[in-house]
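Because the structure is predicted, anything quoted here is derived from the model rather than measured. For reference, positions follow the sequence shown, starting with 1.
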Amino acid sequence: MDFCLVSSDSDFTRLASRLREEGITVYGFGEEKTPKPFVAACDKFVYIELLREDSLTQANEEPTPDLNARTDMLKPVAMTQPKKPKAPVGFIAKILDDIADEDGWAHLGALGANITKLRPEFDPRTHGYKKLSDLIKGYPHAFEIQARGSTGGSAAMYARHKQQSK
């Protein structure tokens, strides 16, 4: 069973913890001002600002139909985006090193699951990337990425911390 809490209020911290104690997966949604204990009490926490950014990006990417009117005034305008924070490369590298096989490679799904366990609020979009694989590719000095076993059109993705491979 899953449970969703939509709040930025620390009063829900105990509820999230209690639900998790019962084996229920807790998804939290709230603003970036959400207290860290509440964020940590959830299995996965999504900042709603990221959802707003996604919807603005999608709205601005959609083609505008020609209605013989100024429809550009109806579309949301993306405001100047603040600079995205640098990804926690050291944190990701440490997890990769911990879960890697003898050659230093780890399945990207396992990496994502471990990141979420330790930091429920982690989301590649916070750092300007759509997916974890894009974030890993965005730091070629620190990480390698490899697609393996393309069966049925989809390949399993593996990542390696370059320091580990030396």
Side-chain angles (χ1 to χ4, degrees), residues 1-59 76 78-101 104-148 154-164:
M1 184 186 315
D2 297 340
F3 199 88
C4 176
L5 290 170
V6 182
S7 177
S8 297
D9 190 342
S10 64
D11 290 348
F12 290 95
T13 304
R14 180 67 188 125
L15 175 60
S17 296
R18 182 75 177 100
L19 290 167
R20 287 183 69 191
E21 288 169 8
E22 293 297 319
I24 297 171
T25 303
V26 178
Y27 296 96
F29 294 83
E31 296 176 328
E32 288 182 13
K33 67 179 184 179
T34 304
K36 295 296 178 201
F38 176 46
V39 172
C42 299
D43 289 293
K44 177 70 179 166
F45 193 90
V46 178
Y47 292 115
I48 60 173
E49 289 84 356
L50 294 173
L51 301 176
R52 288 184 191 138
E53 285 178 19
D54 283 352
S55 66
L56 281 176
T57 301
Q58 288 175 358
M79 293 188 247
T80 305
Q81 297 292 327
K83 188 175 181 193
K84 301 284 184 186
K86 184 178 180 254
V89 173
F91 170 71
I92 295 169
K94 170 81 171 89
I95 293 173
L96 266 173
D97 292 346
D98 289 347
I99 66 170
D101 63 16
W105 292 97
H107 188 272
L108 207 56
L111 174 62
N114 279 276
I115 289 172
T116 299
K117 281 181 191 173
L118 296 170
R119 290 193 186 167
E121 77 281 8
F122 178 83
D123 194 313
R125 295 174 295 183
T126 303
H127 308 287
Y129 299 92
K130 252 184 175 169
K131 304 180 293 188
L132 180 57
S133 60
D134 294 338
L135 187 148
I136 296 295
K137 290 175 190 173
Y139 289 87
H141 65 282
F143 305 112
E144 295 177 71
I145 194 158
Q146 186 180 85
R148 296 183 187 172
S154 63
M157 300 297 288
Y158 286 80
R160 176 165 63 177
H161 178 212
K162 282 192 173 179
Q163 311 313 343
Q164 176 71 13

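H161 has its ring centre no less than 6.0 Å from the ring centre of Y139. When ring centroids are compared, Y27 and F29 stay outside the 6.0 Å threshold.
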Determine, stepwise, if the pair K162 / H141 fulfils side chain to side chain contact (heavy atoms under 4.5 Å, CB included).
CA-CA 7 Å; K162 282 192 173 179; H141 65 282; 5.9 Å; no
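Here the CD1 atom belonging to I115 is positioned 4.0 Å from the CG atom belonging to L111, to the nearest 0.5 angstrom. Atom CG in L19 sits 9.0 Å away from atom CE in M1 (nearest 0.5 Å). Atoms CD and OH, on Q146 and Y158 in that order, are 9.5 Å from each other to the nearest 0.5 Å. In this structure, CG on N114 lies 13.0 Å from CZ on R119, to the nearest 0.5 angstrom. A distance of 11.5 Å separates CZ of R160 from CG of D97, quoted to the nearest 0.5 Å. How far CZ of R125 is from CG of L135: 12.5 Å, rounded to the nearest 0.5 Å.
Note on R14 versus E21: salt bridge recorded, some NZ/NE/NH1/NH2 to OD/OE distance being below 4.0 Å.
Using a 4.5 Å cut-off on side-chain heavy atoms (C-beta onward), T34 and F12 make no contact. Looking only at side-chain heavy atoms (C-beta outward), F45 and K36 stay at 4.5 Å or farther from each other.
Distance alone, capped at 3.5 Å, is enough to place a donor-acceptor pair between the S8 side chain and the E31 backbone. Not one N or O on the side chain of E32 forms a donor-acceptor pair closer than 3.5 Å with the backbone of E49.
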